[in-house]
Amino acid sequence: MISKIKKILDKKNKIKILCLTAYSKNFAEQIDKHVDITLVGDSLGSVLYNYNTTKKVSLINMIEHSKSVRPAVKKSLMVVDMPYNTYNTNSSALKNAKKIIQETNCDAIKLEGGKKIINQIKYLTRNKIAVMGHLGLLPQTAVGKFKSKGKTIKETKQLIKDALLLQENGVFAIVLECIKSSTAKKITQALKIPTIGIGSSINCDGQVLVTDDLIGLNNTNIKFVKKFIDIKKFINIGIKKFADEVKSKKYPSKKYSY
Ligand code: KIV
């Protein structure tokens, strides 16, 4: 695990770091071959469960999906999001992080926030838990419509301060979500550890997306999401063939019968 993290750190300023979400083994199997980090993100709340907020995602949700993902992740670093309300204090953060790691055998965990949760981050890293940070738009605590961050000098200064604080306290990388390009650049340049952007421009050391978004499985009109393939087309072709063959009694033929 340490060597996987070292490989990721070594890519800063050289090679772009790739991260994608996976919530189940079939997806993880395909993703693991291509990425440095497989993230079991709490975005599964909206993508799979139709929750209108990630606040509703439970520890059990995260653990069960991570258990499905784990056997398929061979090459990349497996990171699991700690859900909302599971790291309010040092002791709850450590208890819940240990539970996630013990039950899922993941390599690291991710927490949203900067200064406000720095005591918990410090406590986790001092207890030898590998932690990934997350700054900018923080879906677990955001109120109202999601807005991009780092647009004012004040916000930019705070983001840089938070990023440096996370680095000082041992996080190995930071997700930057929906941060203005020039601000993401400043943060990335200020850090020794890598930044992984989502909606935060090319100025980050790596990129992360929700896999269901990039393959066009999840309906979304978020500005930063590029649909790299329309997977629904292929799914529909397969399902239509099945329906046609059942209706025409072509399937199941002898070959598929006992
Ligand atoms: O929950 C998630 O999937 C995430 C990524 C989008 C960064 O945190």
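Start at 1 and go down the list; that is how both ligands and their atoms are numbered.
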Worksheet entry | Listed partners of K11 passing salt bridge (charged side-chain N to carboxylate O under 4.0 Å, His left out), at least two apart |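 Partners of K11 by the salt bridge (charged side-chain N to carboxylate O under 4.0 Å, His left out) criterion, ordered by chain and then number, come out as D36.
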Worksheet item: Judged by modelled atom types alone, do Q102 and K99 share a side-chain donor-acceptor pair under 3.5 Å?
Response: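 No pair is found: no donor N or O on one side chain lies under 3.5 Å from an acceptor on the other.
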For [X] and ligand 1, does the shortest N/O to N/O distance drop below 3.5 Å?
X    : value
Y23  : no
E177 : no
E112 : no
K110 : yes

Discussion item. Among V80, T21, V57, T86, which residue satisfies the side-chain contact (heavy atoms from CB on, under 4.5 Å) criterion with D42?
Written reply: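 Of V80, T21, V57, T86, side-chain contact (heavy atoms from CB on, under 4.5 Å) with D42 is met by V57 alone.
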Practice prompt. Check whether any side-chain heavy atom of I8 lies under 4.5 Å from a side-chain heavy atom of M132, and answer yes or no.
Written response: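 They are not in side-chain contact.
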Discussion item. Please determine whether a side-chain nitrogen of the Lys or Arg among K12 and D205 lies less than 4.0 Å from a carboxylate oxygen of the Asp or Glu.
Written reply: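 Salt bridge: yes.
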In ligand 1, which numbered atoms sit nearer than 4.0 Å to a non-hydrogen atom of [X]?
X    : answer
G41  : 1 (O), 2 (C), 3 (O)
H134 : 8 (O)
T21  : 3 (O)

Identity and separation of the nearest protein heavy atom to [atom]:
atom                   : value
atom 4 (C) of ligand 1 : L39 CD2, 3.7 Å
atom 6 (C) of ligand 1 : I198 CD1, 3.5 Å
atom 2 (C) of ligand 1 : S43 OG, 3.3 Å

Discussion item. Is there a salt bridge (charged side-chain N to carboxylate O under 4.0 Å, His left out) between K75 and D32? Walk through the geometry before answering.
Written reply: CA-CA 6 Å; K75 171 189 140 288; D32 180 57; 5.4 Å; no
Worksheet item: Which class fits the ring pair Y49 and H65: parallel under 30°, tilted 30 to 60°, perpendicular over 60°?
Response: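 Perpendicular: the ring planes of Y49 and H65 meet at over 60°.
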Worksheet item: With backbone taken as N, CA, C and O and side chain as the heavy atoms from C-beta onward, which portion of L44 lies under 4.0 Å from ligand 1: side chain, backbone, both, or neither?
Response: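 Neither; nothing of L44 gets under 4.0 Å from ligand 1.
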Worksheet entry | Derivation and outcome, side chain to side chain contact (heavy atoms under 4.5 Å, CB included), residues Y84 and T141 | CA-CA 8 Å; Y84 178 66; T141 47; 4.1 Å; yes
